[in-house]
Amino acid sequence: MSLVSGLLVAGAIVTAGPAAADGTPRNSGGATATIGGLKTYGTAVLRTGDGQEQRLPAGLFEMFVDGGGTLQTYCVDVQNPTQKDAKYQETPWSGTSLGANKDAGKIRWILQNSYPQVNDLAALAGKAGTKGLTEEEAATGTQVAIWRYSDAADVTALDPEAEKLADYLEKSARSLAEPAASLTLDPAAVSGRPGERLGPVTVHTNADAVTVTPPSDGTADGVRVVDADGEAVTSAGDGGELYFEVPEDAADGTAELTVQASTTVPVGRAFASETRSQTQILAGSSESTVSATATAHWAGKGAIPALSAEKNCAEGGLDITAANQGDKPFVFELMGITYTIDTGETRTVTIPLQEDQAYDFTIEGPNGFAKQFRGVLDCRTETAADADGDSVQTLSEPSPATVGGNAATASDTDLAETGSSGATPLIGGVAIGLVVIGGAVVILLRKRNP
């Protein structure tokens, strides 16, 4: 039976054992970016369930794409902190709170029919019935309208013109479908025997073409990326099919290919962070670098698994897709449940997790196979009832210190993002204590069917 090492812990990631061969999270596809802070914004008033009113900044964030490019985003989690310099990954709606939100399509309509997609502010003001709109008022009104659908928040814009825009957008919104990813590879993992072409791995992108980087790992000597005819591939377009060509005399091993392109990311794509920084939704994109990876595993005999994972917020867990191209069943156990993937079978199983639960586990198989999965399940927006009363940064308070940064000065308004907490230093100290305590705690997980 295959082994699974690692722990699932609420609040802290526990490192898996040394068997982990996949120690860093892989790019699931699309753009990866670092948040830079609020750039164009005004003031909103949030009313909580206990009747309190809180003022907070509302508007457009700026993000910087790895490899080049910038993004403009609004947030979809008003009560959650925005962590300074947090890393974000382009993510399907299903992996965020938008996946279970019946109004997510209306948020996309708002994005496509307001600022900055509509940069003719006179025309936008005419539709909204305002006297006129500045960029700050337009960004504020748009964010307020989004929060009403993303968080079901009782929120208004302090500026009357921005409030009129928010009301217009909320009332006019119609549901639109989720936009396609800027770049993905499907499937993200394949397997087979030496001497075969493993695949196909299909490219899905809105770019004109992607460049293909072949495997460079030392265990992948002689492995090539080819098309269905066995011709070497260095570039591909949307719908292109890629194969790993493994030499017949290759020792059991794994390889990874990377594809990369420069394109604009579609408006409405979600961006999520493993640090639980506020989930963002794309409002505008420059030409940006996007990338995706796929892995291959081969062996001469026995079970030959291929594993990939994706968060499933509708089911409250992690979807693990397992394929087996070997001559024996692939059997593994996770959270007390045994899964058997028969020869030639591909199956997706859902591993149930609790909200905000960190996970880090490695599934090990025969022939030295090991695949690590880690992250945090963050599927719900934080409501006022969940918050501690200080989680929304008000404009009358000094900006707090954020994770990885110093306290903001009065002029450093980028750090006064929605959700920032004046209790951050205390929370950080408590978190360190919990990590220490966690080392001595055994967590018993009740067995559940997927």
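Source: prediction; values computed, not measured.
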For [X] versus [Y], what's the shortest heavy-atom pair and its separation?
{"X": "Leu183", "Y": "Ala261", "value": "CD2-N, 4.5 Å"}
{"X": "Tyr359", "Y": "Val376", "value": "CE2-N, 3.7 Å"}
{"X": "Ile341", "Y": "Arg347", "value": "CD1-NH2, 3.7 Å"}
{"X": "Arg108", "Y": "Val267", "value": "NE-O, 3.6 Å"}
{"X": "Ala138", "Y": "Tyr115", "value": "CB-CB, 3.6 Å"}
{"X": "Ser288", "Y": "Val65", "value": "OG-CG2, 3.7 Å"}

Do [X] and [Y] touch side chain to side chain, with heavy atoms closer than 4.5 Å?
{"X": "Val225", "Y": "Pro215", "answer": "yes"}
{"X": "Leu46", "Y": "Gln79", "answer": "yes"}
{"X": "Gln280", "Y": "Cys75", "answer": "yes"}
{"X": "Glu231", "Y": "Val226", "answer": "no"}
{"X": "Tyr339", "Y": "Ile320", "answer": "no"}
{"X": "Tyr88", "Y": "Leu71", "answer": "no"}
{"X": "Gln260", "Y": "Thr213", "answer": "no"}
{"X": "Cys379", "Y": "Lys311", "answer": "no"}

With Arg197, which residues qualify under salt bridge (Lys or Arg N to Asp or Glu O under 4.0 Å), at least two apart?
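Arg197: salt bridge (Lys or Arg N to Asp or Glu O under 4.0 Å) contacts with Glu245.
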
Tell me if a side-chain donor or acceptor on [X] pairs with a main-chain N or O of [Y] at a distance below 3.5 Å.
{"X": "Tyr149", "Y": "Glu170", "value": "yes"}
{"X": "Arg276", "Y": "Gln83", "value": "no"}
{"X": "Gln117", "Y": "Ala283", "value": "yes"}
{"X": "Trp298", "Y": "Gly195", "value": "no"}
{"X": "Gln357", "Y": "Leu377", "value": "no"}
{"X": "Glu90", "Y": "Ala31", "value": "yes"}
{"X": "Glu136", "Y": "Gly42", "value": "no"}
{"X": "Ser114", "Y": "Ile110", "value": "no"}
{"X": "Thr350", "Y": "Gly317", "value": "no"}

Salt bridge Lys87-Asp66, side-chain N to carboxylate O under 4.0 Å
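Salt bridge: yes.
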
Measure up the Phe330 and Phe369 rings against each other and bin them: parallel (under 30°), tilted (30 to 60°), perpendicular (over 60°).
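Rings of Phe330 and Phe369: perpendicular, over 60°.
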
Polar side chain donor-acceptor pair, [X] to [Y], under 3.5 angstrom:
{"X": "Ser273", "Y": "Thr275", "result": "yes"}
{"X": "Glu256", "Y": "Thr295", "result": "no"}
{"X": "Thr348", "Y": "Thr321", "result": "yes"}

Suppose we screen for side chain to side chain contact (heavy atoms under 4.5 Å, CB included). Which residues come up paired with Asp186, at least two apart in sequence or across chains?
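Side chain to side chain contact (heavy atoms under 4.5 Å, CB included) list for Asp186, sorted by chain: His204.
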
Side chain to side chain contact (heavy atoms under 4.5 Å, CB included) partners for Ser94, two or more places apart:
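Per chain and number, Ser94 pairs via side chain to side chain contact (heavy atoms under 4.5 Å, CB included) with Pro92, Glu310.
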
Which residues pass the side-chain hydrogen bond (donor to acceptor under 3.5 Å, both in side chains) test with Asn206, sequence neighbours left out?
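If we apply the side-chain hydrogen bond (donor to acceptor under 3.5 Å, both in side chains) test to Asn206, skipping adjacent residues, the hits are Thr263.
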
By side-chain hydrogen bond (donor to acceptor under 3.5 Å, both in side chains), which residues pair with Glu135, not counting sequence neighbours?
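Checked Glu135 against side-chain hydrogen bond (donor to acceptor under 3.5 Å, both in side chains); zero matches.
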
[atom1] of [X] to [atom2] of [Y]: how many Å apart, nearest 0.5 Å?
{"X": "Cys313", "Y": "Leu318", "atom1": "SG", "atom2": "CG", "value": "10.5 Å"}
{"X": "Asn312", "Y": "Asp319", "atom1": "CG", "atom2": "CG", "value": "4.0 Å"}
{"X": "Thr293", "Y": "Leu257", "atom1": "OG1", "atom2": "CG", "value": "8.0 Å"}
{"X": "Leu307", "Y": "Gln372", "atom1": "CG", "atom2": "CD", "value": "12.5 Å"}
{"X": "Phe332", "Y": "Thr340", "atom1": "CZ", "atom2": "OG1", "value": "9.0 Å"}
{"X": "Asp252", "Y": "Asn367", "atom1": "CG", "atom2": "CG", "value": "4.5 Å"}

Reference residue Glu241; test side-chain contact (heavy atoms from CB on, under 4.5 Å); the match among Asp227, Val203, Thr202:
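Per the side-chain contact (heavy atoms from CB on, under 4.5 Å) rule, the option paired with Glu241 is Thr202, out of Asp227, Val203, Thr202.
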
Does Val78 form a side-chain contact (heavy atoms from CB on, under 4.5 Å) with Thr381? I'd like the steps, not just the answer.
CA-CA 8 Å; Val78 65; Thr381 57; over 6 Å; no

Can you check side-chain contact (heavy atoms from CB on, under 4.5 Å) on Thr279 and Ile281, steps first, answer last?
CA-CA 7 Å; Thr279 299; Ile281 191 165; over 6 Å; no

I'd like to know whether Glu178 forms a side-chain contact (heavy atoms from CB on, under 4.5 Å) with Arg269, so could you lay out the CA-CA distance, the side-chain angles of the two residues, the decisive distance to 0.1 Å, and finally the verdict.
CA-CA 8 Å; Glu178 177 181 3; Arg269 290 296 290 171; 3.5 Å; yes

Heavy-atom count around Asp208 CG within 6.0 Å, excluding the residue itself: above 12?
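12 or below, so no.
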
Given side-chain contact (heavy atoms from CB on, under 4.5 Å), test Val76 with Asn101 step by step and report yes or no.
CA-CA 11 Å; Val76 291; Asn101 186 339; over 6 Å; no

Contacts table for residues 233-240: side-chain donor-acceptor under 3.5 angstrom, sequence neighbours left out:
from   : atom 1 : to     : atom 2 : distance (Å)
Asp238 : OD1    : Thr205 : N      : 3.0

